[in-house]
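First comes the structure, then the notes that go with it.
Excluded from the calculations below are hydrogen atoms, water molecules and symmetry mates; all remaining heavy atoms, backbone and side chain alike, are included. Quantities reported herein were computed from a predicted structural model and do not represent experimental measurements. One-based numbering, in listed order, for ligands and for the atoms of each.
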Amino acid sequence: METYDALLAAITPESGPTRTILNPATGEAVGEAPVHGVRDLEAAVAEAAAAQPAWAALGHDVRSAALLRAADAVERSAEELATLLSREQGKPLNGPNARFEVGGCAAWLRAAASTPLEPETVVDDGETRAELHYRPIGVVGAIGPWNWPMMITVWQIAPALRMGNAVVVKPSEFTPLSVLALIHVINQELPEGLVSVVSGGRDVGARLAEHPAIGKVMFTGSTATGKAIIKSSADTVKRLTLELGGNDAGIVLPDADPTAIAEGLFWGAFINTGQTCAALKRLYVHEDIYDDVCAELTAVAAAMPMGEGLDENNVLGPLQNKQQFDIVSRLVEAARESGARILIGGNPDAEQPGYFYPTTLVADIDNNNPLVTEEQFGPALPIIRYSSIDEAVAQANALDVGLGASVWSGNLAEARNVAARLQAGTVWINKHGVVDPRIPFGGAKQSGYGLEFGVEGLKALGVPQVING
Ligand code: NAD
């Protein structure tokens with residue numbers, strides 16, 4: 001276990017170009033990140049390719065044991081990792097934020113280590129015997145976003161390692177320190193060169209996606225970048241898992257209890273200050289209980305403190321970067337100008353340092369408003385009134401993304417009927433965005449393809465091979 005300063009020193013480059021990373025809550029310097037280029041990527045890929053065969057040869061049990069030790073190492077450094085994550089990403093230590101994210105890293109490492117995966121006997125009829133195995137791919141590229149930088153990196157690397165692959169990680173240019181520190185800690189339990197971080201920009205990501213020595217890319221990020229990766233990976237026919245953008249709808253049925261669901265609705269939408277792919281981004285509420293749901297949600301929102309992440313009182317933080325702050329500001333302003341009613345928030349304090357945007361609820365908004373149809377990825381929730389379930393389902397399904405969705409009701413059978421009609425990779429009932437390492441997760445439509453987590457997630461990091469005979 002290292003102190004916070006020792007951890008930061010360990011990931012600070014001794015030579016080469018660096019970039020100062022600033023805390024989005026305060027503008028203060030957090031640390032220096034290396035600026036890696038395509039040559040660094042080449043070196044990392046070569047090292048990974050050299051380390052991978054011996055790792056694959058260890059077999060599942062030994063690799064799983066190493067992942068379990070890596071989970072222990074993350075837990076030993078949990079507070080230092082959470083502090084760095086909070087400073088760099090902005091998310092508070094408390095609430096479903098930095099400490100929660102580091103805890104998730106340990107949990108997902110353990111799950112990838114412990115999920116059983118046996119060869120499947122597909123046919124065994126006395127004449128033919130066919131077995132389906134999953135072999136290592138080789139070197140996997142992992143490209144990630146800035147919203148949950150540590151946890152998403154673990155989601156990508158843990159199953160890859162369990163399946164006998166090496167990994168080259170390309171973190172977001174907004175949050176490289178969190179990923180460098182996480183991998184530094186995990187690497188204490190792994191062979192040298194097996195996992196490395198190339199802390200570069202879009203050019204490095206683009207090269208990784210076309211690199212002939214990379215067999216698969218795990219990508220989490222925007223739909224636009226996902227499309228670019230599909231194109232650049234085409235020449236080498238790479239395997240891809242794409243976890244892309246979303247704009248999740250939630251439908252509140254007329255029988256729901258507004259008081260009982262208000263807190264669940266709030267965290268479904270505002271987890272990580274709304275910077276979450278599978279967060280509730282559009283809320284459809286039946287006209288019978290529309291005003292009550294708006295009032296209850298406003299009361300919950302008003303009670304949730306937002307501020308600097310290291311202050312233990314806060315559960316909401318700033319936007320991670322100016323670009324995201326500008327997107328949220330633009331979309332809320334467009335909603336206000338269209339005549340929608342701002343129930344709370346909507347007026348960022350220009351004097352306050354940092355990219356803080358207040359928790360914002362917008363009522364009486366048209367379903368075609370850009371705040372509804374675009375992924376705003378921040379702390380603003382449009383609440384749309386509906387009168388028939390068919391209308392709400394049609395509106396929920398109208399977009400070309402479909403990551404998550406939710407149905408809120410006291411009648412489970414009715415909620416499940418509505419859930420079955422929604423076009424989304426996951427439909428939650430009376431909750432939203434709750435992920436679990438045992439349960440597969442992935443998008444429908446342009447939210448991507450491929451599944452993460454559970455045994456399906458392991459299979460996605462292997463090459464299926466049939467032994468027939
Ligand atoms: P982004 O697409 O801008 O960047 C993601 C990563 O891709 C970064 O590391 C970036 O450097 C890299 N990149 C950029 N251009 C590239 C290219 N041409 N080739 C290869 N790599 C390239 O996304 P972001 O703004 O960091 O993250 C927010 C987005 O991520 C949102 O749309 C959100 O919904 C999505 N997201 C999805 C999930 C999911 O599980 N589906 C999870 C988290 C975030």
Side-chain angles (χ1 to χ4, degrees), residues 19 33 35-38 41 88-89 91 101 104 108 141-156 168-176 178-180 197-211 214 217-234 238 240-248 271-281 319-328 374-378 399-405 424-426 433-435 440-453 457 460:
R19 198 162 51 86
V35 179
H36 290 144
V38 168
L41 175 69
E88 183 184 54
Q89 205 284 337
K91 62 182 70 187
E101 180 166 351
W108 259 269
I143 305 178
W146 48 260
N147 57 340
W148 293 88
M150 288 188 183
M151 189 138 83
I152 288 174
T153 298
V154 167
W155 291 355
Q156 297 176 330
V168 176
V169 181
K170 208 304 276 173
S172 166
E173 46 277 49
F174 291 111
T175 49
S178 300
V179 175
L180 285 158
V197 182
V198 183
S199 165
R202 294 172 163 254
D203 56 326
V204 174
R207 175 61 185 145
L208 191 146
E210 65 179 19
H211 200 294
I214 299 227
V217 172
M218 298 289 288
F219 174 72
T220 299
S222 64
T223 298
T225 307
K227 290 177 184 174
I229 287 175
I230 294 170
K231 288 183 189 140
S232 41
S233 66
K238 270 188 215 342
L240 299 174
T241 292
L242 300 174
E243 295 286 1
L244 309 180
N247 197 347
D248 289 8
I271 181 169
N272 200 27
T273 315
Q275 302 163 106
T276 299
C277 53
L280 180 49
K281 307 268 174 44
L319 274 310
Q320 204 283 327
N321 50 71
K322 169 133 193 343
Q323 166 190 312
Q324 201 58 48
F325 180 89
D326 290 345
I327 291 172
V328 177
E374 293 180 29
E375 185 191 33
Q376 50 86 19
F377 216 58
L399 302 183
D400 55 15
V401 285
L403 190 54
T426 302
V434 180
V435 288
F441 176 74
K445 301 201 267 189
Q446 293 189 26
S447 289
Y449 47 74
L451 287 171
E452 296 187 281
F453 316 160

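The nearest heavy-atom contact from the protein to atom 40 (O) of ligand 1 is Glu243 CB, 3.2 Å. At the shortest separation from atom 3 (O) of ligand 1 among protein heavy atoms lies Arg202 NH2, 3.1 Å. Among all protein heavy atoms, the one lying closest to atom 41 (N) of ligand 1 is Leu244 O, 2.8 Å. Counting only heavy atoms of the protein, atom 32 (O) of ligand 1 lies nearest to Glu375 OE1, 2.8 Å. Among all protein heavy atoms, the one lying closest to atom 12 (C) of ligand 1 is Ile143 CG2, 3.7 Å. In terms of protein heavy-atom proximity, atom 26 (O) of ligand 1 is closest to Trp146 CD1, 3.0 Å. For atom 27 (O) of ligand 1, the nearest protein heavy atom (residue, atom name, distance) is Pro145 CB, 3.3 Å.
Contacts of Trp148 with ligand 1, taken as heavy-atom pairs under 4.0 Å, are absent altogether. Contacts between Ile229 and ligand 1 below 4.0 angstrom, taking non-hydrogen atoms only, involve the side chain exclusively. When heavy-atom distances to ligand 1 are checked against a 4.0 Å cut-off, Ile152 comes that close only through its side chain, counted from C-beta outward.
For atom 44 (C) of ligand 1, the nearest non-hydrogen atom from the set Asn247, Asn147, Val217, Val169 comes from Asn147. Of the listed residues (Ser222, Cys277, Ser233, Gly221), the one carrying the non-hydrogen atom nearest atom 2 (O) of ligand 1 is Ser222.
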Please test Trp155 against Met218 for side-chain contact (heavy atoms from CB on, under 4.5 Å), starting from the C-alpha separation and ending with a verdict.
-> CA-CA 9 Å; Trp155 291 355; Met218 298 289 288; over 6 Å; no
Hey, mind stepping through Val217 and Leu208 against side-chain contact (heavy atoms from CB on, under 4.5 Å) and telling me if it holds?
-> CA-CA 8 Å; Val217 172; Leu208 191 146; 4.1 Å; yes
After noting the C-alpha distance and the side-chain angles of Gln156 and Thr241, does the key distance pass the side-chain contact (heavy atoms from CB on, under 4.5 Å) rule?
-> CA-CA 9 Å; Gln156 297 176 330; Thr241 292; over 6 Å; no
Check the pair Thr426, Val435 against side-chain contact (heavy atoms from CB on, under 4.5 Å), reporting the backbone distance first and the verdict last.
-> CA-CA 10 Å; Thr426 302; Val435 288; over 6 Å; no
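If you number the atoms of ligand 1 from 1 as listed, the ones under 4.0 Å from a heavy atom of Glu173 come out as 8 (C), 9 (O), 10 (C), 11 (O). Of all atoms in ligand 1, listed by their number and element, those nearer than 4.0 Å to a heavy atom of Phe377 are 28 (C), 31 (C), 33 (C), 34 (O). Listed by number with element, the atoms of ligand 1 under 4.0 Å from a non-hydrogen atom of Lys170 are 8 (C), 9 (O), 10 (C), 11 (O). Near Thr225, meaning under 4.0 Å from one of its heavy atoms, ligand 1 places the atoms 1 (P), 2 (O), 3 (O), 7 (O), 13 (N), 14 (C), 15 (N), 16 (C), 17 (C), 21 (N), 22 (C). Each of the atoms 34 (O) of ligand 1 lies under 4.0 Å from some heavy atom of Gly246. Using a 4.0 Å cut-off to heavy atoms of Phe441, the atoms of ligand 1 that qualify are 40 (O). Taking every heavy atom of Leu403 and a limit of under 4.0 angstrom, the matching atoms of ligand 1 come to 41 (N).
No side-chain heavy atom of Thr225 sits under 4.5 Å from any side-chain heavy atom of Ile143. Between Arg19 and Glu173, some side-chain heavy-atom pair lies under the 4.5 Å cut-off.
A salt bridge between Asp326 and Lys322 is present, with a side-chain N of the basic residue lying under 4.0 Å from a carboxylate O of the acidic one.
Using cut-offs of 30° and 60° on the angle between ring planes, the pair Phe441 and Phe453 is parallel.
Across all their heavy atoms, Leu41 and Arg207 have their closest contact at CD2-CG, 3.5 Å. Here the closest non-hydrogen pair linking Leu242 and Gly226 is CD1-O, 4.4 Å. Here the shortest heavy-atom pairing between Gln376 and Val328 reads O-CG2, 3.5 Å. Between Lys281 and Asn247, the shortest heavy-atom distance links the atoms CB-OD1, 3.0 Å.
Distances shorter than 4.0 angstrom occur between a heavy atom of Pro171 and an atom of ligand 1. Distances shorter than 4.0 angstrom do not occur between any heavy atom of Ala209 and any atom of ligand 1. Note on ligand 1: Gly144 sits in its first shell, one or more heavy atoms being nearer than 4.0 Å. Close to ligand 1: Phe219, with a non-hydrogen atom less than 4.0 angstrom away. Not close to ligand 1: Gly443, with no non-hydrogen atom less than 4.0 angstrom away.
For Phe377, the ring-ring contact (aromatic ring centres under 6.0 Å, His included) test picks out Trp146, with sequence neighbours left out.
Separating the NZ atom in Lys238 from the CD1 atom in Ile229 is a distance of 11.0 Å, to the nearest 0.5 Å.
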